[in-house]
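Values in this document were obtained by computation on a predicted structure and should not be read as measured data. Below, read A as the first sequence line, B as the second, and so on, with proteins coming before strands; counting in each chain starts at 1.
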Amino acid sequence: MSTFSVYGVSLSSRFFLGTAGYPSPAILKEAIAASGAEVLTMGIKRQAANVAAAGHNQWWSLIRETGRHILPNTAGCRTAKEAVALAQMARELFETNWIKLEVVGDDYSLQPDSFELVAAAEQLVGLGFNVFPYCTEDLIAAQRLVDAGCQVLMPWAAPIGSGQGITNRRALARMREKFHNLFLVVDAGIGAPSHAAEAMEIGFDAVLLNSAVAQSRAPVEMSAAFSKVIEAGRMAHLAGVIPAQDFATPSTPVTGQPFLIHKAG
Amino acid sequence: MPSSNRAASNDCITVDFNGQPMNARAGESLAEFIDRLGKDPNQLATAVNAEFVPRDMRKTLLLQQGDAIMTFEPITGG
């Protein structure tokens, strides 16, 4: 695998893995190992009032021990103000300037609120954050995020956790075409390895997913499967996938029908 | 950012801690309040009235009647 750089950090795996919803810490640990992922997403939550009774944070200890890069998120935020406050807390807790910026505007679809997202990105870049915005395929909103200083965009394939795969391939392809030098990650909605392969074939630089692995019957095996197809999809993109067409073109160079000779005249 | 120049006194005040009413001393700093909870202050992040309070500012932020204190910790996430 060749290396590439994201916000000055050298990486080789194009598989970014979420850490939520695994059956046990041990299975998460194995799934991380099987994925080869170097970037793991995490969140933060408000503690219970009886904070003294809270137990040791076993999950976080385990994830920290992997030595992977942590990409904290601002899940649950509805406004730029909330997201900026949460991002600052995440920076203190995880000791990283990276932030996966999530500002959603709708409970049903968990669709990003582009207006609040751009406002939050502008503030966070000003505060020295490296922003990874979870966005839609809207090109104007995407441009505003780039103007704000985002060097990465993370459009959804489909609503979070839906497992639908890429529902608007043409829009994602247009985004790839428009922002040809930007680091683009498909985030959310991936269900099957074939979905991830499709994203990579389109030319996306990486895929971020969580539920497709964590909620599968065998997360460790599924993690390995995603790892393989993400790499395969990248290779296919670089090799050049042939364009689809509506008519047939014979691939075997035969001379017409085997036993039928057309005579001239 | 919440003000750190708040008046100190010996009166007991009521604050809201993660959604529950709790007593604090007027003039008690956020750092002192967190210490009384018995948790490692380096393992949590704090906000007062929905504004982030960095770790190094907890000592100078004095609590006031009705303040909403929230503490946050890492969780798994997607």
Which of A:M89, A:E92, A:R91 passes side-chain contact (heavy atoms from CB on, under 4.5 Å) with B:P54? Answer is A:E92
Which residue is it: A:N97, A:V131, A:N130? I am looking for the one with a side-chain contact (heavy atoms from CB on, under 4.5 Å) to A:L124. A:V131
Evaluate the side-chain proximity of [Y] to [X]: yes if any heavy-atom separation is below 4.5 Å, no if none is.
X      : Y      : result
B:R55  : B:N42  : yes
B:M70  : B:F72  : yes
A:L101 : A:L145 : no
A:D113 : A:V104 : no

Classify the ring geometry between B:F33 and B:F17 as parallel (under 30°), tilted (30 to 60°) or perpendicular (over 60°). perpendicular
Exercise answer: donor-acceptor pairs, residues 216-224 of chain A side-chain atoms, under 3.5 Å, sequence neighbours excluded:
from   : atom 1 : to     : atom 2 : distance (Å)
A:S216 : OG     : A:V213 : O      : 2.8
A:S223 : OG     : A:A31  : O      : 2.7
A:S223 : OG     : A:S35  : N      : 3.3

Chain B contact via A:L209 - side chain, backbone, both or neither, heavy atoms under 4.5 Å: neither
Interchain contact, A:F94 with chain B, by part (heavy-atom threshold 4.5 Å): side chain
Which residues in residues 37-44 of chain A have any heavy atom lying under 4.5 Å from a heavy atom of chain B? A:T41, A:M42, A:G43, A:I44
For residues 71-85 of chain A, give me every residue with a non-hydrogen atom less than 4.5 Å from any non-hydrogen atom of chain B. A:N73, A:K81, A:A85
Taking only Lys NZ, Arg NE, NH1 and NH2, and the carboxylate oxygens of Asp or Glu, determine whether A:K100 and A:D187 approach each other closer than 4.0 Å. yes
Check ion pair B:E32-B:K59 (N to O, under 4.0 angstrom): no
Go through the structure and list residues passing side chain to side chain donor-acceptor pair (under 3.5 Å) with A:R68, not counting sequence neighbours. none
Between chain A and each of B:A45, B:A50, B:G19, B:P74, count heavy-atom pairs under 4.5 Å; write down the option with the most. B:P74
Heavy-atom pairs under 4.5 Å with chain B are the metric here; pick the option from A:I160, A:L208, A:L93, A:L86 that has the most. A:L93
